[in-house]
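Here the structure comes first, spelled out in structure tokens, and everything after it is commentary.
Chain A is the first sequence line, chain B the second, and so forth, proteins listed ahead of strands; every chain is numbered from 1. Owing to the predicted nature of the structure, the values given are computational and were not obtained by experimental measurement.
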Amino acid sequence: QKEVEQNSGPLSVPEGAIASLNCTYSDRGSQSFFWYRQYSGKSPELIMSIYSNGDKEDGRFTAQLNKASQYVSLLIRDSQPSDSATYLCAVNTAFKAGTALIFGKGTTLSVSS
Amino acid sequence: KAGVTQTPRYLIKTRGQQVTLSCSPISGHRSVSWYQQTPGQGLQFLFEYFSETQRNKGNFPGRFSGRQFSNSRSEMNVSTLELGDSALYLCASSSMGKLFFGSGTQLSVL
């Protein structure tokens, strides 16, 4: 059973702090890794993708990947109240082709002003 | 570019009925995937269609089916509805392995 694990939270950080979200996955064959943000009552929105070991930065967001440890993380710098949402980690499966992502159950982030 | 469009937005059905949900992908996207989201199980992959062919399938019973048309629009059907089928059904079109979700159809089975 291929799995993606995340702490459900809530993770509470003050405005301006760094929020660190973590994810582990079980399928060593996975090659693509994604972070989605989902506001309450809305659909998931892609915020980061990462494919190779190391860090990838996009604005206030940094995704980190360590395939040897099967670990993906998302750092949010200078957290804002508008970042309060559920963050979903998603990993592709080693299917023959196509896009079939396995999602973690998400970490709820709360940023207080 | 218009996003992924799902209809209807809300549905209320009773046990034993069947339901059909519709999805129009982003223009130019040929892959359409369907996911079920529930508070307990999170987002779970149902199936993916590409060029009118089912390319991948998740671990759902045969009551869940889908199809894709030549214009890439997709429908999913759930027959003999059960209470546990109450969920948010999300359609996503993909490009370069990235999923872009529609607003979803909230299905309530009474």
Side-chain angles (χ1 to χ4, degrees), chain A residues 1-10 21 23-27 29-52 56 58 61 63 65 72 85-108, chain B residues 3-7 9-10 21 23-26 29-60 64 66 68 72 74 87-107:
Chain A
Q1 178 79 1
K2 300 180 178 68
E3 295 181 342
V4 176
E5 299 286 344
Q6 297 181 252
N7 289 327
S8 61
L21 304 160
C23 169
T24 59
Y25 61 95
S26 63
D27 185 2
S30 297
Q31 297 294 320
S32 305
F33 307 85
F34 306 91
W35 284 98
Y36 285 81
R37 177 177 62 199
Q38 186 172 26
Y39 291 112
S40 180
K42 301 294 185 182
S43 58
E45 171 193 15
L46 178 65
I47 55 173
M48 289 289 288
S49 59
I50 188 166
Y51 306 99
S52 55
K56 179 182 177 182
D58 184 0
F61 298 97
L65 174 61
V72 193
T86 296
Y87 289 80
L88 302 166
C89 174
V91 176
N92 80 324
T93 62
F95 284 169
K96 52 186 176 181
T99 307
L101 300 187
I102 297 176
F103 283 80
K105 293 186 178 181
T107 298
T108 300
Chain B
V4 178
T5 304
Q6 289 189 249
T7 56
R9 186 70 181 89
Y10 300 96
L21 312 181
C23 172
S24 294
I26 293 170
H29 289 191
R30 294 165 62 190
S31 168
V32 174
S33 302
W34 289 89
Y35 287 79
Q36 181 195 67
Q37 187 173 34
T38 59
Q41 298 300 316
L43 262 169
Q44 293 184 288
F45 172 71
L46 280 156
F47 29 66
E48 180 197 11
Y49 286 86
F50 182 84
S51 293
E52 303 179 63
T53 300
Q54 186 179 87
R55 184 157 66 173
N56 289 302
K57 188 178 189 303
N59 295 324
F60 278 81
F64 292 82
Q68 186 180 32
S72 294
S74 177
L88 178 65
Y89 290 88
L90 290 161
C91 169
S93 67
S94 68
S95 174
M96 307 287 285
K98 300 175 183 177
L99 292 179
F100 300 90
F101 287 93
S103 298
T105 295
Q106 184 67 52
L107 172 65

F101(B) versus chain A, heavy atoms under 4.5 Å apart: side chain, backbone, both or neither? both

Kindly say whether L99(B) contributes a backbone atom to a donor-acceptor pair with the side chain of Y36(A) at under 3.5 angstrom? yes

Identify which part of I102(A) has an atom lying under 4.5 Å from any heavy atom of chain B, answering side chain, backbone, both or neither. neither

Under 4.5 Å from a heavy atom of chain B, the part of E45(A) involved: neither

Per-residue contact mode, L101(A) against chain B (heavy atom under 4.5 angstrom): both

Tell me, for Q37(B) versus chain A, whether the close heavy atoms (under 4.5 Å) come from the side chain, the backbone, both or neither. side chain

Return the NZ to CG distance between K105(A) and L43(B), rounded to the nearest 0.5 Å. 11.5 Å

By a 4.5 Å heavy-atom criterion (distance strictly below it), what part of F47(B) contacts chain A: side chain, backbone, both, or neither? neither

Answer yes or no: is there a donor N or O on one side and an acceptor on the other, between the side chain of S43(A) and the main chain of G104(B), under 3.5 Å? no

Would you say the side chain of F45(B) lies within less than 4.5 Å of the side chain of F103(A), judging by non-hydrogen atoms? no

Residue pair K98(B) / Y51(A): nearest heavy atoms and the distance that separates them: CE-OH, 3.4 Å

Top residue by heavy-atom pair count (under 4.5 Å) with chain A, among S33(B), G42(B), P39(B), G97(B)? G97(B)

L90(B) versus chain A, the contacting section by heavy-atom distance below 4.5 Å: side chain

Is chain B contacted by the side chain of S32(A), its backbone, both, or neither, given a heavy-atom distance below 4.5 Å? neither

